[in-house]
There are 2 protein chains.
Amino acid sequence: MAGPMYRQIAQDLRRKIESGELEPGARLPNEMEFREEYDASRNTIRDAIKWLIIRGLVETKPGQGTFVVRQLEPIVTTLSEDPDTGMAGGEGKAAFAEINKRRAQRDEQRRQEREKAMLGDGESPAADQDLGGRPEGEPRASAPTVEVKFAPAYVAERLRIPDGAEVLVRHQEFFIGRTPWSLQTTFYPFDLVSRGKGAPELMRARDIEVGTVEYLRDTLGLVQCGYRVRILVRRPNEAEARFFGLPDDGRVPVVSLIRTGYEDTADGPYPFRLTITVLPADRNQFVINSGKYPEELAAPARDQ
Amino acid sequence: MAGPMYRQIAQDLRRKIESGELEPGARLPNEMEFREEYDASRNTIRDAIKWLIIRGLVETKPGQGTFVVRQLEPIVTTLSEDPDTGMAGGEGKAAFAEINKRRAQRDEQRRQEREKAMLGDGESPAADQDLGGRPEGEPRASAPTVEVKFAPAYVAERLRIPDGAEVLVRHQEFFIGRTPWSLQTTFYPFDLVSRGKGAPELMRARDIEVGTVEYLRDTLGLVQCGYRVRILVRRPNEAEARFFGLPDDGRVPVVSLIRTGYEDTADGPYPFRLTITVLPADRNQFVINSGKYPEELAAPARDQ
DNA sequence: GCAAATTTGTTCGTATGTATT
DNA sequence: CAATACATACGAACAAATTTG
């Protein structure tokens, strides 16, 4: 036959899950029942379930059982500028407007689909069962924390300041309703913040409503001439896993958006701001637009 | 103490790996030796090692042993247009130019660092030990495969064609030297390809040297007015894991770049091309530039 | 609020299979 | 072919988390 027993068991369960025979959220038989069903030892059953856990198909809860995981509906963030507002997406509050816009689009789309379905079979199809599991509620940001620290190597390199130089660190948590959505940390060279008359608002633990880029331009005359975003995928660290409620193994990666803002100097564009935004990769997608493109976004489907 | 024994053992080994006490590529003691060292059963040792495997810290090879994994040095791809060439990055051959450019930059940077180090201590520091593990060799593309298929749902939706309509599918594999780098699949509505006098080159299994966007403009008068790239992260499917040589559990995710090209019509921008590029997430990073930004790229470091 | 039942988690021991050197 | 090292599979006992009565 095909490979070890635990893999055959796992494959069989996988087929049942992917075919829909076992629905998202459904409870699987317990280990003893599986033991009889597949005529294998408990440890072998457990190996099969571990195989499914690693692949994100099921999750176990002590004292409760094993469950088919519910796929989360991705939130889509636009990284290119909005030609209307000129705002760069993916940055804290700027992204909230987009979330609300897309959500309205999506709801309208669904309403139409439902209407069409109603005409078809007459029967109301379990209305709002929401198998997808979409975070609901208002977008919301925590109060910023403000610190002055010595720059770690990866920050110093990007801000082109000496290793260990002081940086002002602003950190914020973003939520959609009660669901954690993103973590954002911004670094400014401390020298810069104390230029001229300084930028006092930056040191305070409250939102800068006008946006930091505008604030720095108005107070310090610091003009952002351009920026660069680096996108990378990695395993979450412990704090991130805790905040997002991700499993403590690294099987759900995070996307890290590293944005460096530049000001124009005699030596060319020079970095003055570094913002790192971290989001869980299993519930976020990103979009870059160029030229003329449709206003509406296709559904955030998978590509296979 | 803190939690189950296998976790304590795993934590201890993790510390040794992250502190550098165990270097990348180093062989760990075998299971029996660990059994003595930690005074635990073989199964417990194996549980500890499994914990490390899931997190990508070590890998096991039957008959050989357990090894600390070598981190791969990421390849950086620019997704925004190059203002000089106007080329959109991340698309097949267009990206090769960038790889070569960045590589030259990187080598120069390293040469300078080495020179500086030589002045400092006089001792030659193990020269080119290349702990990073960077794919070497010339960028190279496989011959394209060409098929006509019925559009799967996710393709039909993005191309706004009926579900199951025919599409022309071109597929290519990209390598750097002998290392697999990316998989790329492009879908065209079949109706479009047979417009007017048709686009015969598109049906042939060979490279279109001028680039497909230019070719379609010249033959069909099809002008791309804009595009949208959607970025998502997911587990590789079986074929992708095989091609990239990824572990067959899903612990190394892939990044999927879904690019829709639009032409200008009376109804607004309408999709005419869909390109899906898939790359392993553990060895690729992406960059988006806007406005004025430095020519050179900071090293592809991690953000923590 | 507490005790019992249920379910998964951890740890041991042992034997045999499979891949590599 | 033999030795080495990890992989699979079984059985057993107790621990920890959760729900139920």
Side-chain angles (χ1 to χ4, degrees), chain A residues 1-14 17 22 25-69 241-242 245-251, chain B residues 1-14 17 22 25-69 241-242 245-251:
Chain A
M1 270 290 281
M5 194 192 304
Y6 79 95
R7 285 259 290 275
Q8 293 179 41
I9 297 171
Q11 278 297 344
D12 186 53
L13 290 170
R14 180 190 194 172
I17 291 167
L22 287 166
R27 213 202 100 176
L28 270 56
N30 69 33
E31 291 170 347
M32 284 322 213
E33 290 165 328
F34 270 142
R35 216 183 117 158
E36 296 205 350
E37 182 176 345
Y38 290 108
D39 193 30
S41 78
R42 187 181 163 218
N43 280 329
T44 301
I45 297 296
R46 284 177 61 74
D47 280 346
I49 291 174
K50 262 179 217 152
W51 192 91
L52 295 168
I53 290 173
I54 291 176
R55 285 159 183 76
L57 291 165
V58 304
E59 58 189 343
T60 54
K61 297 178 188 171
Q64 296 184 63
T66 304
F67 302 84
V68 181
V69 297
R242 200 166 39 243
L246 303 178
D248 78 334
D249 55 27
R251 72 175 179 270
Chain B
M1 268 292 279
M5 197 192 304
Y6 79 96
R7 286 259 290 275
Q8 292 178 40
I9 296 170
Q11 277 297 345
D12 186 52
L13 290 170
R14 180 191 193 171
I17 291 168
L22 287 166
R27 211 200 103 179
L28 270 55
N30 69 33
E31 291 171 344
M32 284 323 212
E33 290 165 327
F34 270 142
R35 218 183 117 155
E36 296 204 350
E37 182 177 345
Y38 290 107
D39 193 31
S41 80
R42 193 184 155 219
N43 280 329
T44 302
I45 297 296
R46 283 177 60 74
D47 281 345
I49 291 174
K50 261 179 219 153
W51 193 90
L52 295 168
I53 289 174
I54 291 178
R55 274 146 247 260
L57 292 165
V58 305
E59 57 190 343
T60 55
K61 296 176 189 172
Q64 297 183 62
T66 304
F67 303 84
V68 180
V69 297
R242 200 166 39 244
L246 303 177
D248 79 333
D249 55 27
R251 72 174 178 269

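Small disclaimer: the values here were computed from a predicted structure and weren't measured. Numbers restart at 1 for each chain; the letters A, B, ... are given by sequence-line order, proteins then strands.
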Side chain to side chain contact (heavy atoms under 4.5 Å, CB included) with [X]: which residues, sequence neighbours excluded?
| X | answer |
| --- | --- |
| A:T44 | A:M5, A:Y6, A:I9, A:A40, A:S41 |
| B:I54 | A:I54, A:D249 |
| B:R14 | B:Q11, B:E18, B:W51, B:L52, B:L57 |

- Task: May I have all residue pairs that pass salt bridge (charged side-chain N to carboxylate O under 4.0 Å, His left out) and include part of residues 50-68 of chain A, sequence neighbours excluded?
- Result: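 Pairs touching residues 50-68 of chain A that pass the test: A:D47-A:K50, A:R55-B:D248.
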Give each protein N/O atom lying under 3.5 Å from an N/O atom of nucleotides 8-14 of chain D, with the pair distance.
| unit_1 | atom_1 | unit_2 | atom_2 | d |
| --- | --- | --- | --- | --- |
| D:dT8 | OP1 | A:Y6 | OH | 2.9 |
| D:dT8 | OP2 | A:Y6 | OH | 3.2 |
| D:dA9 | OP1 | A:M5 | N | 2.4 |
| D:dA9 | OP2 | A:M5 | N | 3.4 |
| D:dA9 | OP2 | A:Y6 | N | 3.1 |
| D:dC10 | OP2 | A:S41 | N | 3.1 |
| D:dC10 | OP2 | A:S41 | OG | 3.2 |
| D:dC10 | OP2 | A:T44 | OG1 | 2.3 |
| D:dC10 | N4 | A:N43 | ND2 | 3.4 |
| D:dG11 | N7 | A:N43 | ND2 | 3.4 |
| D:dG11 | O6 | A:N43 | ND2 | 2.6 |
| D:dA13 | N6 | A:R42 | NH1 | 3.3 |

Without decimals, in angstroms, what is the distance between [X] [atom1] and [N] [atom2]?
| X | N | atom1 | atom2 | result |
| --- | --- | --- | --- | --- |
| A:N30 | C:dG9 | CG | C1' | 14 Å |
| B:L52 | D:dC6 | CG | P | 13 Å |
| B:E31 | C:dT16 | CD | C1' | 15 Å |

- Message: Is the shortest side-chain heavy-atom distance between A:R251 and B:R251 below 4.5 Å?
- Response: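 No, their side chains stay 4.5 Å or more apart.
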- Item | Close side-chain approach of A:T66 and A:F34, heavy atoms under 4.5 Å |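 No; the side chains remain at least 4.5 Å from each other.
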- Message: How would you summarise protein contacts on nucleotides 15-21 of chain D per nucleotide, using B for base, S for sugar-phosphate only and - for none, with heavy-atom distances below 4.0 Å?
- Response: --BSS--
- Message: Rounded at 0.5 Å granularity, tell me how far CG in B:N30 sits from CZ in B:R35.
- Response: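 Rounded to the nearest 0.5 Å, the CG-CZ separation comes to 11.5 Å.
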- Query: Closer than 4.0 Å, any side-chain N/O of B:T60 to the OP1 or OP2 of D:dA7?
  - Reply: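 So the side chain of B:T60 is within the cut-off, an N or O lying under 4.0 Å from OP1 or OP2 of D:dA7.
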- Taking OP1 and OP2 of C:dT7, is either one under 4.0 Å from a side-chain nitrogen or oxygen of A:T66?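 No, because none of the side-chain N or O atoms of A:T66 sits under 4.0 Å from OP1 or OP2 of C:dT7.
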- Message: For A:A10 versus A:A48, what's the shortest heavy-atom pair and its separation?
- Response: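 The answer is CB-O, 3.8 Å.
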